[in-house]
Amino acid sequence: DVQLQASGGGLVQPGGSLRLSCAASGFTFSSYAMSWARQAPGKELEWVSAVDSGGGSTIYADSVKGRFTISRDNAKNTVYLQLNSLNPEDTAVYYCGRYRDVMSYLYPSELNGMDYWGKGTQVTVSS
């Protein structure tokens, strides 16, 4: 079974940093592009970032560009999201997702391009 498990969330002050991890299992991780999305209270799921299967191509939503960094370690079957310069608007549950296929990665912000989502990890930015 495909499993994606996000971790690393927590409570952080504005301006702080966190590193999220998503451990994958049940499929050939190195063959799939991966993504992060988030859902703030009372809002819809928002795509945040994506990385291709090899880790050489990354894409970001305008709202996080320059502050967040996505990366992956195919030897560890893990994708990461480094969150810097956090502000209260970044408060959300963060989810990792797997792109269904190579074509889906051509439209990276389309959430229906993901076929699996993991359980999320809560990030709360507050003083």
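Every pair passing salt bridge (Lys or Arg N to Asp or Glu O under 4.0 Å) that includes a residue from residues 36-45 is listed here, sequence neighbours excluded: Arg38-Glu46, Arg38-Asp90. Among residues at least two apart or in separate chains, side chain to side chain donor-acceptor pair (under 3.5 Å) pairs with a member in residues 118-127 are Gln122-Thr124. For residues 56-80, no residue pair satisfies the ring-ring contact (aromatic ring centres under 6.0 Å, His included) rule, not counting sequence neighbours. A salt bridge (Lys or Arg N to Asp or Glu O under 4.0 Å) check over residues 92-113, counting only residues at least two apart or in different chains, returns the pairs Arg98-Asp115. For residues 18-35, there are no side chain to side chain donor-acceptor pair (under 3.5 Å) pairs, not counting sequence neighbours.
For Leu111 against Ala37, the heavy-atom pair with the smallest separation is CD2-CB, 4.2 Å. Closest of all the heavy-atom pairs between Leu4 and Ala24 is CD2-CB, 3.6 Å. Closest approach of Trp117 to Leu45, counting heavy atoms only: CZ2-CD2, 4.1 Å.
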Using distance only, find each side-chain donor-acceptor pair of residues 47-59 under 3.5 Å and give its atom names and separation, not counting sequence neighbours.
unit_1	atom_1	unit_2	atom_2	d
Trp47	NE1	Ser49	O	3.2
Trp47	NE1	Tyr99	OH	3.3
Trp47	NE1	Pro108	O	3.2
Ser49	OG	Ile59	O	2.8
Asp52	OD1	Gly54	N	3.4
Asp52	OD1	Gly55	N	2.7
Asp52	OD1	Gly56	N	2.9
Asp52	OD1	Ser57	N	3.2
Ser57	OG	Tyr105	OH	3.2

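Here the side chain of Ser104 pairs no donor or acceptor atom with the backbone of Val102 at under 3.5 angstrom. Checking side-chain atoms of Thr91 against main-chain N and O of Val125 turns up a donor-acceptor pair under 3.5 Å.
Residues Val123 and Val79 share a single hydrophobic cluster, defined by chaining ILVMFWY side chains whose heavy atoms lie under 4.5 Å apart. Note on Trp36: it clusters hydrophobically with Tyr116, by side-chain heavy-atom contacts below 4.5 Å among ILVMFWY residues. Note on Leu18: it clusters hydrophobically with Ile70, by side-chain heavy-atom contacts below 4.5 Å among ILVMFWY residues.
Between the CZ atom in Arg67 and the CG atom in Leu86 there is a gap of 6.5 Å [rounded to 0.5 Å]. A distance of 9.5 Å separates CE in Met34 from OG1 in Thr78, rounded to the nearest 0.5 Å. The line from CG of Leu20 to CG of Leu83 is 5.0 Å long, rounded to the nearest 0.5 Å.
Side chains of Asn84 and Ser17: a donor on one and an acceptor on the other come within 3.5 Å.
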